[in-house]
Q: 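Sharing a structure below in C-alpha cells format, with a few things to ask.
Just so it is clear: chains get the letters A, B, ... in the order the sequence lines come, proteins before strands, and each one is counted from 1.
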Protein chains: 2
Amino acid sequence: MICINSDGLPEMAQAIRFRQATSPLKASCQQCSLSNLCLPLAVQDNDLDSLEDIVQQGRMYDRGEHIFDQSTPFRSCFAVKSGSVKTSIITEGGEEQVTGFFMPGELVGLDSMSGEFYACTAKALERTSVCEFPIEKLEELTGKLPDLQHHMYRLMSQEIQNSHQLAMLLSKNTAEERIAALLLSLSSRFQRRRMSPTNFSLPMARNDIANFLGLAVETVSRVFTRFQNQGLIRARGREVELLDVEALQLVTREFSRQNCQH
Amino acid sequence: MICINSDGLPEMAQAIRFRQATSPLKASCQQCSLSNLCLPLAVQDNDLDSLEDIVQQGRMYDRGEHIFDQSTPFRSCFAVKSGSVKTSIITEGGEEQVTGFFMPGELVGLDSMSGEFYACTAKALERTSVCEFPIEKLEELTGKLPDLQHHMYRLMSQEIQNSHQLAMLLSKNTAEERIAALLLSLSSRFQRRRMSPTNFSLPMARNDIANFLGLAVETVSRVFTRFQNQGLIRARGREVELLDVEALQLVTREFSRQNCQH
DNA sequence: GTGATCCTTTGATTTGCATCAATTCGGACG
DNA sequence: CGTCCGAATTGATGCAAATCAAAGGATCAC
C-alpha cells in the first residue's frame, strides 16, 4: 500500500491519486504534474508509453530514510516525485560531504553510472516519494529515443556544471556569498515548481547547509541572523522569507564586481 | 598541414605518422595508441569504422591557445591526443575558476552538452593536438552503438564524481592535503599513460594549481617547499619527483583518519 | 646578449572562519 | 504538561591561509 502526501504540491496529489486507481505499480507520467520538469519532458507523446513501461512506482520514504547508499549495487536512477532528497559522500573515516539537494522532478543517481555501486548516499529529507528508472532499461530506451538520449546528456552535463559552480563557490566566495547563492538557487527552483519563490520552508537542517557549503554550522547561523538584521530575509527555524531578492543577488555578485575593478 | 609533436608519448608519434600517410584529415583510431583510454575503448573492432567516420583530426594548438571559449557555439567534444588542456569558467567579472586538467585520451566538453555555448573555456597548456567529435554525429552514433552510449554515460558520470571529489577537497581539506591529492592524481594519470608515476613535468603553472585548488599562489609555493623539506618530493620549477608516495597518500588520508578517532 | 615580462619564491601582517564553550529553542514522547 | 535530547543560536578565542610586499628566476623577443 502506497501512501501519498502532497508536501506543498497540492496539484500533484490529485494526479497521483488518479493513477493509483488505474494501475498501482506502474507510474503514469501522463498524469503526473511534474512531466514538464522530469524525463517525460523530452519524449514525444506517442513515445510516453514506452517510458511508462520502464518506470516503477517507488515506495514512500520517511524523513531520514536512505533511498540507497554507497554499498547498494547501482541499479536505477530515481526521480523525486514529492518531498526532497539529500545526496552525500561518506568517506572511509565517516566524514560526510553533502553533494546536492534534489527537489521534485529532479533525477538522483546520475553520478553513479560509472561504477558497480552508488557513488553517494541518498537520504530523504522529509516524507518523500520517488519514481524508479532501472538503468538497463533506461539505457535501452535512450538508444531508441534520440530525444530522450539527448535529454539524458543534457541532465548529466547540467549536473557537471552545477558541481563546477559549487566548486567555484567553495573556493572563491565568502560565507555570506555562498549562503545567498544557495537561498537564491532554492528560490528559483521553488518557483519553477509553482511555489512561492520568496516564502518557503527549507527542507534541510542548518547542518546540511553548512556541510554542503563548506562552512561550520555556527557560521551559517550567524550569516542567517546577519541577513535578518540587514532586512534581507526573515528566518525562523526552517521557515524562510526572502525580503530583498535583489540585495541577495547583489551579495552573490559583490565578489566578482569587486575583482572587476582592478 | 598538420604538425605533430610527441610530447612524451613516443609510441604514439609513429602511429600518427602512419595515419597521415594514408588519410590526412580522417583520424585513425585503429592506429592510435590512446585507443585503450579514449572512446574507441568502448566500441567493438567492427564498429570502429563508424567512429572513425565521425571523428575529425583537429589542428595543433600552441601553448596558451584557446580550443574554445564560453562564446563559442557548442559543436563538438574534443579528445586530447597529445599535450594537455586546462578548462576554466570565466565569470562576468573576469574571475577565473579552473575546473579541470585534461591529459591525452581524456574527453573535453562533456560539461557543455546542455547549452548553446560551451560552458567553459579550454586552453592548451602546452603544444597540444586534439581529435574532434561533432556532437550531433556522436549522439547519432551512440544511439546505434549501445556500448558507446554506455561509455558516454560512464564518462559523464565520472566527471560528476570528479567534480564532487574536488568540492570535497575544497570544503574540507587543508592546503597540504589538497596539493598532495593533486600530485597523486596526476601521478596515477601519468602512470596509466605509460609514463613515470614518480617523475614528471607539471603541465600547468603554480597559478593554475592554486586556482584549481582554491588557494593562493603563495600558499602553493610554500607547500611545495615544505613537502620538499620533508623529503616527500623534489621540485624545481615544473619538474617534479615524488620521493615518498606513501607519505603523500598518508597526507591526503590524515584528515579522515583524524576525524575517525572521536 | 640584454632588457622586459611573467612566474615563482620568501617574509610580515591581517582576517575570515573554525573551534571551543555555553545557552536557548523546539519538537517528540511518556 | 513537564522532561529530554538534538538543533540552533550567540559569544570568546585561535589559527590557517589570504593578502601585502619585495626579491629572485626563468623565458621570450629583438
Q: Rounding to a whole Å, what distance do you find between A:Asn173:CG and C:dG16:P?
A: 14 Å
Q: I need the CG-C1' distance between B:Leu202 and D:dA26, as an integer number of Å.
A: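 Roughly 16 Å, once rounded to whole Å.
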Q: Looking at B:Arg59 and B:Glu65, is there a salt bridge between them, counting it only when a charged N and a carboxylate O are closer than 4.0 Å?
A: yes
Q: Separation of A:Lys172 atom NZ from D:dT19 atom P, in whole Å?
A: 10 Å
Q: What's the CG-C1' distance between B:Leu215 and C:dT8, to the nearest Å?
A: 16 Å
Q: A:Thr219 side chain N/O closer than 4.0 Å to the phosphate oxygens (OP1, OP2) of C:dA18?
A: yes
Q: Under 6.0 Å between the ring centres of A:Phe74 and A:Tyr118?
A: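 So the answer is yes for these two rings.
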Q: Whole-Å distance between C:dT9 P and B:Ile179 CD1?
A: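 B:Ile179 atom CD1 is separated from C:dT9 atom P by 10 Å.
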Q: Within the sub-3.5 Å range, which N or O atoms of nucleotides 6-9 of chain D have a protein N or O partner, and how far apart are they?
A:
unit_1, atom_1, unit_2, atom_2, d
D:dA8, OP1, A:Arg206, N, 3.4
D:dA8, OP2, A:Arg206, N, 3.3
D:dT9, OP1, A:Arg206, NH2, 3.4
D:dT9, OP2, A:Arg206, NE, 2.9
D:dT9, OP2, A:Ser221, OG, 2.9
D:dT9, O5', A:Ser221, OG, 2.9

Q: Can you tell me the distance, in whole Å, between the CG atom of B:Leu213 and the P atom of D:dA16?
A: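 Taking CG of B:Leu213 and P of D:dA16, I get 19 Å after rounding.
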Q: Ignoring hydrogens and angles, state whether a donor on the side chain of A:Ser84 or A:Glu126 is under 3.5 Å from an acceptor on the partner side chain.
A: yes
Q: What is the distance from CD of A:Glu176 to P of C:dC17, rounded to the nearest Å?
A: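 Result: 8 Å.
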Q: On the six-membered ring of B:Phe224, is B:Arg206 placed so that its NZ or CZ lies under 6.0 angstrom from the centre and within 45° of the ring axis?
A: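 Because its charged atom sits under 6.0 Å from the ring centre and within 45° of the axis, B:Arg206 does stack over B:Phe224.
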Q: D:dA16 C1' sits how many Å from B:Glu177 CD, rounded?
A: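 After rounding, the gap between these two atoms is 12 Å.
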Q: Is it true that atom CZ of B:Arg234 has more than 12 heavy atoms of other residues, nucleotides or ligands lying nearer than 6.0 Å?
A: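 No - once you tally the heavy atoms of other residues, nucleotides and ligands closer than 6.0 Å, there are 12 at most.
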Q: Among B:Arg189, B:Lys86, B:Lys81, whose salt bridge (charged side-chain N to carboxylate O under 4.0 Å, His left out) with B:Glu106 holds?
A: B:Arg189
Q: Closest nucleotide of DNA chain C for B:Asp208 versus for A:Arg178: which of these residues is on the 5' side?
A: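 Result: B:Asp208.
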Q: Base, sugar-phosphate, or nothing for B:Gly214, non-hydrogen atoms under 4.0 angstrom?
A: sugar-phosphate
Q: Is the closest side-chain heavy-atom distance between B:Val130 and B:Ile67 below 4.5 Å?
A: yes
